[in-house]
Enquirer: 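Below is one structure. I have some questions about it.
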Amino acid sequence: MIVEQNVPLQAHNTFGIVAKARALVRVRGEAEVQELLADPEYGTIPKFVLGGGSNIVLTGDVKPLVLKVEVPGRRLVEDGPRATVVEAGAGENWHDFVTWTLDQGFPGLENLALIPGTVGAAPVQNVGAYGVELQDRFESLDAIDLFTGKTFTLDAGQCAFGYRDSVFKHTAGQEGDFGLNGRALILRVRFRLPKPWKPELGYLDLQRKIQESGIAQPSARQIYDWVCAVRGAKLPDPRVIGNAGSFFKNPTVTPEQCLDIIAREPNIVHYPMPDGSVKLAAGWLIDACGWKGKSVGNAGVYEKQALVLVNRGGATGGEVVTLARAIQTSVYERFGIRLEPEPVVI
Ligand code: EPU
């Protein structure tokens, strides 16, 4: 086990914020974690699990011991008559893994192409895009308990997936006994890709691609290419402009609240949900408040998609948080809706 001191984290968070880890250990498997837990100096100190850093805002140096998850590996677990099950180490890059599954001839994850981050971080926020959420393709995952060093496996039910939510985002004791935040380090994730493959084309942007191209029955590879093109046109590439994807969740309201807002704002973008609630497009709400292209210091609102906050170069976590609060205030004052941030502020 090697404990690195004062490690720069700029390359390890997609916002590209400058900060350091006071101490950092790279985790390639359960053995490192067990060794760490047995260590008299580091065993019991607070720890922070870092994946691809695609969903965090660093507001200063990280004081807890950073466990940088670098568990490698991609493999076919089972190619059965009704599904293909594939597995990846938590440290694998998410998009490279999606590409690999298609290269192997295992379609099913194509709508989730180009989402920044790692395989291990994907279940934490139940990533989703273009009509598919991780939970729709999830089989199970292996994690290690950072208190006991024991490895355990969770199925989808045990992960308690919700919209950009899971058991890994909740802290035990804060909401009853529910929650593995700060306790579980995800090692490997398995995905169930149903057979026969069915394209998921319900999302408006994909319908547009069908119209434009005249391809009514696209292959999985075609959908992958379309998703990459749509994301590329709307969302900033974190390697070029630092960002953490959507900064806020799309809020849900009751049908009555929605009617009330529509009476005042007839153009509001809204989607009825299966449970009767109505989801509002947070990007539209922020855009309507005039935030597109605005900045606080070096943190800004992306010109092509108001839901994405960006680092215009040298932004601090404090600037990002100040901008986010100002947006929340103006959306609340105009629409009476509280936007909930997606990334974790550290
Ligand atoms: N809109 C505006 N102005 C804006 C941004 C959006 O009017 O500045 C409108 C759009 O015109 C559209 C609606 O809002 O009618 C929704 O926009 P979009 O289709 O871009 O999707 P989104 O709701 O903003 C969500 C996810 C994205 C995911 C896309 C596609 C959340 C918080 N975000 O964005 O996920 O890629 O749908 O499925 O659910 C992420 O979580 O990091 C992320 C990028």
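Position 1 is the first residue of the sequence; numbering continues from there. When a ligand or atom number is given, it counts from 1 through the structure's own listing order. Just so you know, these numbers come straight off a predicted model, no measurement behind them.
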Enquirer: Atom 25 (C) of ligand 1: which protein heavy atom is closest, and how many Å away?
Expert: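 Heavy-atom neighbour on the protein nearest atom 25 (C) of ligand 1: Asn250 ND2, 4.1 Å.
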
Enquirer: Under 4.0 Å from ligand 1, counting heavy atoms only, is it the side chain of Tyr271, its backbone, both or neither?
Expert: side chain

Enquirer: Tell me if the centroids of the rings in Phe191 and Trp94 come within less than 6.0 Å of each other.
Expert: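 So the answer is yes for these two rings.
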
Enquirer: So if I count the atoms of ligand 1 from 1 in the order they appear, which ones are less than 4.0 Å from some heavy atom of Arg231?
Expert: 36 (O), 44 (C)

Enquirer: Could you walk me through whether Val49 and Val124 pass side-chain contact (heavy atoms from CB on, under 4.5 Å), step by step?
Expert: CA-CA 11 Å; Val49 178; Val124 175; over 6 Å; no

Enquirer: Measure the shortest side-chain to side-chain distance between Glu92 and Pro72 over non-hydrogen atoms and say whether it is less than 4.5 angstrom.
Expert: yes

Enquirer: Identify, for atom 15 (O) of ligand 1, the protein heavy atom at the shortest distance, and state residue, atom and that distance.
Expert: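 Answer for atom 15 (O) of ligand 1: Val269 CG1, 3.5 Å.
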
Enquirer: Enumerate the side chain to side chain donor-acceptor pair (under 3.5 Å) contacts for residues 20-30, please, sequence neighbours excluded, ordered by first and then second residue.
Expert: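 Those involving residues 20-30 are Glu4-Arg26, Arg26-Glu70, Glu30-Arg188.
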
Enquirer: Could you tell me whether Asp103 and Arg221 have a side-chain N and a carboxylate O separated by less than 4.0 Å?
Expert: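 Salt bridge: yes.
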
Enquirer: Do Pro343 and Ile56 come within less than 4.5 Å of each other through their side chains, counting heavy atoms only?
Expert: no

Enquirer: Among protein heavy atoms, which lies nearest atom 24 (O) of ligand 1, and at what distance?
Expert: Gln305 NE2, 3.0 Å

Enquirer: Taking atom 6 (C) of ligand 1 as the reference point, report whether a protein heavy atom occurs under 4.0 Å from it.
Expert: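 So atom 6 (C) of ligand 1 has protein heavy-atom neighbours under 4.0 Å.
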
Enquirer: Taking only heavy atoms of Ala306 into account, list the atoms of ligand 1 that are under 4.0 Å away from them.
Expert: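 Taking each heavy atom of Ala306 in turn, ligand 1 has 4 (C), 5 (C), 8 (O) under 4.0 Å.
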
Enquirer: To which protein heavy atom is atom 14 (O) of ligand 1 closest, and what is the distance rounded to 0.1 Å?
Expert: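 Looking only at protein heavy atoms, the one closest to atom 14 (O) of ligand 1 is Ala281 CB, 3.3 Å.
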
Enquirer: Under 4.0 Å from a heavy atom of Gly245: give me the atoms of ligand 1 that qualify, with their elements.
Expert: 42 (O)

Enquirer: Taking the basic N atoms (NZ, or NE/NH1/NH2) and the acidic carboxylate oxygens, is any pair closer than 4.0 Å for Arg74 and Asp96?
Expert: no

Enquirer: Looking at Arg334 and Glu265, is there a salt bridge between them, counting it only when a charged N and a carboxylate O are closer than 4.0 Å?
Expert: yes

Enquirer: Less than 4.0 Å is my threshold; does some heavy atom of Phe248 fall inside it relative to ligand 1?
Expert: yes

Enquirer: Under a 4.0 Å N-O cut-off, is there an ion pair linking Lys249 with Glu342?
Expert: no

Enquirer: Does the side chain of Val57 come within less than 4.5 Å of Leu309's, by heavy atoms?
Expert: no

Enquirer: Exactly one of Gln158, Arg190, Glu87 should register a side-chain hydrogen bond (donor to acceptor under 3.5 Å, both in side chains) with Ser140. Which one does?
Expert: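 Among the candidates, only Arg190 passes.
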
Enquirer: Given side chains that start at C-beta, do those of His95 and Tyr224 come closer than 4.5 Å, heavy atoms only?
Expert: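 With C-beta onward as the side chain, the pair touches.
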
Enquirer: Flag Gly131 as yes when one of its N or O atoms lies below 3.5 Å from any N or O atom of ligand 1, and as no otherwise.
Expert: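 Gly131 vs ligand 1: no N/O contact under 3.5 Å.
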
Enquirer: Can you list the ligand 1 atoms lying under 4.0 Å from a non-hydrogen atom of Ala129?
Expert: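 It comes down to these atoms of ligand 1: 36 (O), 38 (O).
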
Enquirer: Please list, in number order, the atoms of ligand 1 under 4.0 Å from a heavy atom of Lys234.
Expert: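 Counting atoms of ligand 1 from 1, those under 4.0 Å from Lys234 are 18 (P), 19 (O), 20 (O).
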
Enquirer: How far is atom 41 (O) of ligand 1 from its nearest protein heavy atom, and which residue and atom name does that atom have?
Expert: Arg164 NH2, 2.8 Å

Enquirer: So is Gln125 close enough to ligand 1, meaning a heavy atom under 4.0 angstrom away?
Expert: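 Gln125 does not count as a contact of ligand 1 under the 4.0 Å cut-off.
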
Enquirer: Purely on distance, is any nitrogen or oxygen of Tyr130 under 3.5 Å from one on ligand 1?
Expert: yes

Enquirer: Give the residue and atom name of whichever protein heavy atom lies nearest to atom 3 (N) of ligand 1, and the separation in Å to one decimal.
Expert: Asp287 OD2, 2.8 Å

Enquirer: Looking at atom 21 (O) of ligand 1, would you say a protein heavy atom lies below 4.0 Å from it?
Expert: yes

Enquirer: Taking both backbone and side-chain atoms of Lys304, is any N or O found less than 3.5 Å from an N or O belonging to ligand 1?
Expert: no

Enquirer: What is the nearest protein non-hydrogen atom to atom 1 (N) of ligand 1, stated with its residue, atom name and distance?
Expert: Trp284 N, 3.7 Å

Enquirer: For the residue pair Val25 and Met1, establish whether any side-chain heavy-atom pair is separated by less than 4.5 Å.
Expert: yes

Enquirer: Pair Trp197, Thr84 - check side-chain contact (heavy atoms from CB on, under 4.5 Å), show working.
Expert: CA-CA 10 Å; Trp197 170 75; Thr84 305; over 6 Å; no

Enquirer: What part of Ser246, side chain from CB on, backbone N/CA/C/O, both or neither, has a heavy atom under 4.0 Å from ligand 1?
Expert: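 Both the backbone and the side chain of Ser246 come within reach of ligand 1.
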
Enquirer: Ignoring hydrogens, just give me the one of Tyr302, Tyr163, Tyr203 whose non-hydrogen atom is nearest atom 29 (C) of ligand 1.
Expert: Tyr203

Enquirer: Checking contacts here: is it the side chain or the backbone of Glu342 that comes within 4.0 Å of ligand 1, counting heavy atoms only? Could be both or neither.
Expert: side chain

